[in-house]
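Input: a single structure, listed below in structure tokens.
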Protein chains: 2
Amino acid sequence: MTLKDIAKATGFHVSTVSRALDQNSRINLTEDVVRQIRETADAMGYRRNRLASGLRTNRTMTIGVVIPDITNALFPPIVRGIESVMEPEGYASIIVNTDNVPEREMRLVDVLTERGVDGILHAATLRDDDSIQLIRSHNVPVVTLNRRVELDPPVPFVINDEALGIRMMLAHLAEYGHRRIAHIAGPVALSTGAMRVAAFHAARAAMGLAEADCPLAYAERFDEEEGHRAAIALLDGPTPFTALLCANDRLALGAIAALRQRGLSVPHDVSVTGFNDLSSLDAVTPPLTTVRILQFEAGEAAARLLLALLRDPQADIPAETVLPVVLVPRESVATPRPL
Amino acid sequence: MTLKDIAKATGFHVSTVSRALDQNSRINLTEDVVRQIRETADAMGYRRNRLASGLRTNRTMTIGVVIPDITNALFPPIVRGIESVMEPEGYASIIVNTDNVPEREMRLVDVLTERGVDGILHAATLRDDDSIQLIRSHNVPVVTLNRRVELDPPVPFVINDEALGIRMMLAHLAEYGHRRIAHIAGPVALSTGAMRVAAFHAARAAMGLAEADCPLAYAERFDEEEGHRAAIALLDGPTPFTALLCANDRLALGAIAALRQRGLSVPHDVSVTGFNDLSSLDAVTPPLTTVRILQFEAGEAAARLLLALLRDPQADIPAETVLPVVLVPRESVATPRPL
DNA sequence: TTGTACGCGTTATCAC
DNA sequence: GTGATAACGCGTACAA
């Protein structure tokens, strides 16, 4: 079923049929002709060939979504948020997983641009990321979300209020009486890791906690294994602590496992906190005190920004969107036991 | 950068360039010409336009992946399994979420076929599913996974050994001494729900447990809310039970919440079991006894089947692939307390 | 071994 | 208002 078939069936010319089937050009046609063409097109089950259309218009009505790993519970809600905005507008999404490997990222961006995606939503960017440059060199609009990239000219981004989250959590721990608060920082190559550890330093200083009392360990990935390793490193370090503020939930889960291995109870011996509020964290033991971020909404917001760019590449869209976060107090924090 | 540009730069004709850049037709060309063309193509950064290529060949090197909901932890590993096979072969995936709504399913299949996907992996099929017929009417190869559809001619599928899983779990409970075992069945519109409840009946009878001692409740969706509702219904029913075998993990989680609300302890008052072994189920309280299925491997297997079909639509591939399951005993099962 | 010519399905831009 | 034509980039039967 092609335009040609409909043309033959109705007796009109292909171009007339094309116009009748297009919302915009339809205005130049007699209402009667439009109706007739559309009816037989429907009857014959005509469906526009998006490849041919894209070849002609340079628009595929497809976007690329770049994420680190869909099995990480952080990302599926983001993907659904994106879909909830893009799908009603007629856009489909090609999703690729980078595993935070730069080479993979570059190749996958190639995969996307080869298929002529109209734009890219990038939730896997590193702070210094060549793939963004690559995308730009193809003149493909891009918005990052969850993380940001530091580049000139700037890339519009949608992130969470990392600083506020860390501040609230630190204040929460202080309220319980903690003065010796350790931090497991995330990878500094990611904006989330970097921003959270910077916020930790700033908030700690502002609250008058001594730097010497608040030891730090850096995780190389945002996962349980690294959380475990970093917690052990802190426990084996010279500085005692009563609370452990982790840069995300998975680090916290790993840290809790490590503390238990060392015979420490959470929260009675050490309080532990996370960040993100992955689902079913209320079912773990103890239910984890954490910071809730807006995953679905981040996807929505970024998609809306991209949509504006797709309609008009010169559109003046906000460069920075920072979504609010909420403290979720549960049971992994208690009053400190005297050291 | 098009073939035309390379042709101009090298002095050869477009078709010669096209051939030089294609693995298969290259054999007809002088080695020297091929080298020269490929070198300048590389230097000029040529990349084949997959749209134009697809328009010509009817192959987009893109497949469609239909799942119910990516935020359901069951599916991300499946998606990665698919990707692990398809991506190295040059295929990209368009992923769509049906939410188990038939109308949505139909529209999303349209989205996929419009974009000319070469094949579809369908993990969201209903037992009686019109979207599969729709796919077939477009002559697009399809393999279902996780679930199966009952259609003639049959659609190749990759599923888990549901019957074995249920049998093993029932035997496990019986070993602990349970004779009064309730079942929360999944939606019978899904092959997983139907096969598990059928297996429950068969295994129960084979083990000599009285049907009257083993009450049933049907969930309308595989989620916590329905698990909760069904558990309450069983508790309010006339038949007492000491164990509750749930058709999947999420139903079990909901059921445990319901039991607790009624002041019952798991596993001391009632043993509860799940199916699937979603990640971090070992972190919940109590750690859930369940059946582990091979999610990633299911994705891999289905992708390999589809790949065979993409190479040769007439390929003789196995109609049924049943992956092994493993019982994972944890702490949600104990010896029954006398009624 | 290389070049010619055409068509895939659509749409933009003419002319009438 | 409608029709004719060309072009998007590529692949391939056919000719040379």
Side-chain angles (χ1 to χ4, degrees), chain A residues 1-38 40-41 44-62 90 110 113-118 138-140, chain B residues 1-38 40-41 44-62 90 110 113-118 138-140:
Chain A
M1 275 310 118
T2 73
L3 286 184
K4 218 186 278 179
D5 298 315
I6 312 297
K8 262 183 212 136
T10 57
F12 289 101
H13 195 267
V14 227
S15 53
T16 309
V17 177
S18 173
R19 277 187 285 247
L21 265 26
D22 182 54
Q23 287 296 350
N24 306 324
S25 4
R26 202 188 324 189
I27 47 171
N28 309 315
L29 297 185
T30 316
E31 198 154 317
D32 202 46
V33 175
V34 173
R35 198 179 35 74
Q36 194 181 336
I37 290 179
R38 290 182 65 84
T40 60
M44 299 176 64
Y46 169 81
R47 286 161 55 254
R48 182 217 308 285
N49 181 326
R50 283 208 127 98
L51 273 131
S53 167
L55 181 59
R56 188 58 234 239
T57 60
N58 270 316
R59 307 193 90 222
T60 55
M61 297 304 282
T62 304
D110 264 345
T113 54
E114 262 185 21
R115 280 169 180 75
V117 293
D118 296 335
H138 289 292
N139 274 318
V140 173
Chain B
M1 274 311 117
T2 73
L3 286 184
K4 215 186 282 179
D5 297 314
I6 312 297
K8 263 185 210 133
T10 57
F12 290 101
H13 196 268
V14 216
S15 56
T16 309
V17 177
S18 172
R19 277 187 283 248
L21 266 27
D22 182 52
Q23 287 295 353
N24 306 325
S25 2
R26 202 186 327 188
I27 46 170
N28 310 314
L29 296 185
T30 317
E31 197 152 321
D32 202 46
V33 174
V34 173
R35 199 178 36 72
Q36 194 180 335
I37 291 180
R38 291 184 64 84
T40 61
M44 298 176 65
Y46 170 81
R47 285 160 57 252
R48 180 213 308 277
N49 182 327
R50 282 207 129 99
L51 274 143
S53 161
L55 181 58
R56 189 59 233 228
T57 59
N58 269 319
R59 306 193 91 221
T60 55
M61 298 303 282
T62 304
D110 264 345
T113 53
E114 263 185 19
R115 280 168 182 75
V117 293
D118 296 335
H138 289 292
N139 274 319
V140 173

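No experiment lies behind these values; they were computed from the predicted model shown.
Comparing the helix axis at one end of the helix from dT1(C)-dA16(D) to dC16(C)-dG1(D) with that at the other, each defined from 5 consecutive pairs, gives an inter-axis angle of 40° (nearest 10°).
The distance from the CG atom of Asn139(A) to the OG1 atom of Thr113(A) is 12.0 Å, given to the nearest 0.5 Å.
Every side-chain hydrogen bond (donor to acceptor under 3.5 Å, both in side chains) that Asp22(A) has, sequence neighbours left out, goes to Ser25(A). With sequence neighbours excluded, the residues that form a side-chain hydrogen bond (donor to acceptor under 3.5 Å, both in side chains) with Asp110(B) are Arg47(A). Checked against side-chain contact (heavy atoms from CB on, under 4.5 Å), Leu3(B) has the following partners two or more places apart in sequence or in another chain: Val14(B), Val17(B), Ser18(B), Leu21(B), Tyr46(B). Remark: Arg56(A) engages no residue in a side-chain hydrogen bond (donor to acceptor under 3.5 Å, both in side chains) (not counting sequence neighbours). For Asp118(B), the side-chain contact (heavy atoms from CB on, under 4.5 Å) partners at least two apart in sequence or on another chain are Arg59(B), Thr60(B), Met61(B), Tyr91(B), Leu310(B). Arg50(A) meets the salt bridge (charged side-chain N to carboxylate O under 4.0 Å, His left out) test with Glu114(B); sequence neighbours excluded. With sequence neighbours excluded, the residues forming a side-chain hydrogen bond (donor to acceptor under 3.5 Å, both in side chains) with Thr62(A) are Arg115(B), listed by chain and number.
Taking each heavy atom of Leu29(A) and Thr16(A) in turn, the nearest pair found is CD1-O, 3.8 Å. Shortest non-hydrogen contact noted between Leu55(A) and Ala52(B) is CD1-CB, 3.7 Å. Of all the heavy atoms in Ile27(A) and Asn24(A), the pair that sits closest is CG1-O, 3.1 Å.
Every pair passing salt bridge (Lys or Arg N to Asp or Glu O under 4.0 Å) that includes a residue from residues 29-38 of chain B is listed here, sequence neighbours excluded: Asp32(B)-Arg35(B), Arg35(B)-Glu39(B).
Contacts between chain A and DNA chain D, taken as any atom within less than 4.0 angstrom of a protein heavy atom, begin and end at dG1(D) to dG9(D).
Within residues 26-34 of chain A, no residue approaches DNA chain C, by heavy-atom distance under 4.0 Å.
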Could you write nucleotides 7-16 of chain C as a row of B, S and -, 5' to 3', where a protein heavy atom under 4.0 Å of any base atom gives B, of only sugar-phosphate atoms gives S, and otherwise -? BBBBBBB---

